[in-house]
Amino acid sequence: MPELPEVETVRRGLDDILTGHRIEAVHIDDSRLVQPRSSRAVERRLAGATVTSVGRRGKWLLLELDTGDTAVHHLRMTGSFAVDGETLPHERLQYVTDAHIVRYVDPRRFGTLEVGKHAVMHSMLDSKLGPEPLEAAWDATVLRTSLRGRSTTIKAALLDQRVVAGLGNIYVDEALHGAGIAPRVRAGTLSLVRAERLVVAVREVLTLALDSGGSTLSDYRQVDGTFGSMQDRFLVYGRAGEPCAHCGRALRSATIAGRTTVWCTHCQR
Ligand SMILES: [Zn+2]
């Protein structure tokens with residue numbers, strides 16, 4: 001599933017293509033994308049609007065419109081966007097603008113599109129999501145406050161979008177390795193020093209991934225069709241049994257918080 005760096009990379013691509021342009025028509029070819037609303041109602045509501053900006057909150061993409069509406073996309077497992085060209089397999093939606101055709105493609109069909117008034121959409125997201133990890137307001141004190149009293153593992157806590165928005169299995173494992181924190185550490189017991197290290201590690205891995213255009217594992221690609229390269233820079237994700245980049249010992253793997261988790265038992269305590 002795309003995580004913050006992949007969604008942010010898509011946001012940048014959509015912002016270049018859509019911002020300042022008028023949506024002439026919208027074609028929705030899969031009613032599941034917008035359920036429980038009808039495809040026709042969503043098409044009518046979006047047609048004629050001009051995109052004023054493309055934003056992101058956690059793993060959600062937000063098309064801000066001059067009508068006062070916000071169109072909120074979640075890519076889930078396999079959603080992606082492409083621009084112009086021929087109709088693609090598994091295409092679910094087209095935005096036909098005054099300049100381009102933007103195609104939403106989703107083989108497994110878990111992606112969603114919701115449209116509503118700006119304030120309604122933003123408060124819906126704020127009720128589901130904690131702070132943005134790349135914003136200065138998120139620091140070790142904020143993190144520790146959100147972990148206080150939690151008996152879950154730090155792995156589970158970081159996957160919880162209400163603790164911090166946008167992280168998933170890949171970047172949680174990479175950040176914990178960077179911070180030297182074992183995934184089974186009880187979240188509520190994290191010291192301030194270790195919380196500070198974790199905040200730094202989260203920002204470092206997200207920044208590196210953004211610079212790499214995200215990671216390409218299956219269906220994710222950038223809006224212009226190019227692939228990210230962060231998968232070549234993972235230190236733990238997908239590397240169980242391989243040597244730790246820091247100490248050379250074999251990386252260990254287990255299911256933690258319901259997810260395959262890879263870490264170094266020597267470097268991470
Ligand atoms: Zn190690």
Side-chain angles (χ1 to χ4, degrees), residues 1-9 58-59 130-135 138-148 150-161 163-218 220 227-269:
M1 181 191 279
E3 302 182 28
L4 188 155
E6 291 77 40
V7 178
E8 176 61 19
T9 303
K59 302 175 194 171
E132 288 290 324
L134 292 174
E135 287 181 5
W138 187 65
D139 61 16
T141 306
V142 171
L143 174 60
R144 276 186 93 215
T145 302
S146 63
L147 298 179
R148 193 167 295 150
R150 283 187 184 246
S151 57
T152 57
T153 61
I154 188 67
K155 167 95 186 202
L158 293 176
L159 288 172
D160 182 344
Q161 301 298 295
V163 169
V164 58
L167 301 182
N169 199 36
I170 294 175
Y171 296 108
V172 167
D173 277 11
E174 294 295 319
L176 287 173
H177 185 257
I181 296 170
R184 286 201 181 99
V185 164
R186 294 291 133 190
T189 67
L190 202 67
S191 69
L192 184 60
V193 171
R194 277 157 63 85
E196 276 164 359
R197 244 186 266 145
L198 184 54
V199 166
V200 169
V202 165
R203 290 208 174 107
E204 278 178 358
V205 71
L206 293 179
T207 303
L208 183 65
L210 280 169
D211 291 345
S212 309
S215 19
T216 304
L217 297 173
S218 54
Y220 165 76
F227 296 102
S229 61
M230 183 62 190
Q231 66 280 5
D232 302 330
R233 308 173 88 162
F234 293 154
L235 296 184
V236 286
Y237 179 82
R239 304 186 79 104
E242 294 181 34
C244 169
H246 296 160
C247 73
R249 291 173 174 83
L251 295 170
R252 160 121 201 258
S253 165
T255 302
I256 302 174
R259 309 297 300 274
T260 300
T261 300
V262 184
W263 77 103
C264 175
T265 54
H266 180 72
C267 297
Q268 294 175 249
R269 298 298 174 96

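Both ligands and their constituent atoms are indexed starting at 1 by order of listing. Owing to the predicted nature of the structure, the values given are computational and were not obtained by experimental measurement.
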Do you see an N/O/S atom of H246, backbone or side chain, under 2.8 Å from the Zn ion (ligand 1)?
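Short answer: no, not a single N, O or S atom is under the cut-off.
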
Do any of the N, O or S atoms of H177 sit under 2.8 Å from the Zn ion (ligand 1)?
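Short answer: no, not a single N, O or S atom is under the cut-off.
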
Check this for me: does any side-chain nitrogen of one of R259 and D173 sit under 4.0 Å from a carboxylate oxygen of the other?
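So R259 does not pair with D173 through a salt bridge.
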
Is the ring pair F234/Y171 parallel, tilted or perpendicular, if the boundaries are 30 and 60 degrees?
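If you compare the ring of F234 with that of Y171, the planes turn out perpendicular.
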
For the CZ atom of R239 and the SG atom of C244, what is their distance to the nearest 0.5 Å?
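Going from CZ on R239 over to SG on C244, the span is 10.5 Å.
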
Rounded to 10°, how big is the angle at the Zn ion (ligand 1) from C267 SG to C244 SG?
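The SG/SG angle about the Zn ion (ligand 1) sits at 110°.
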
Could you check whether H246 and H177 have their ring centres less than 6.0 Å apart?
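Aromatic pair counts; centres sit under 6.0 Å.
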
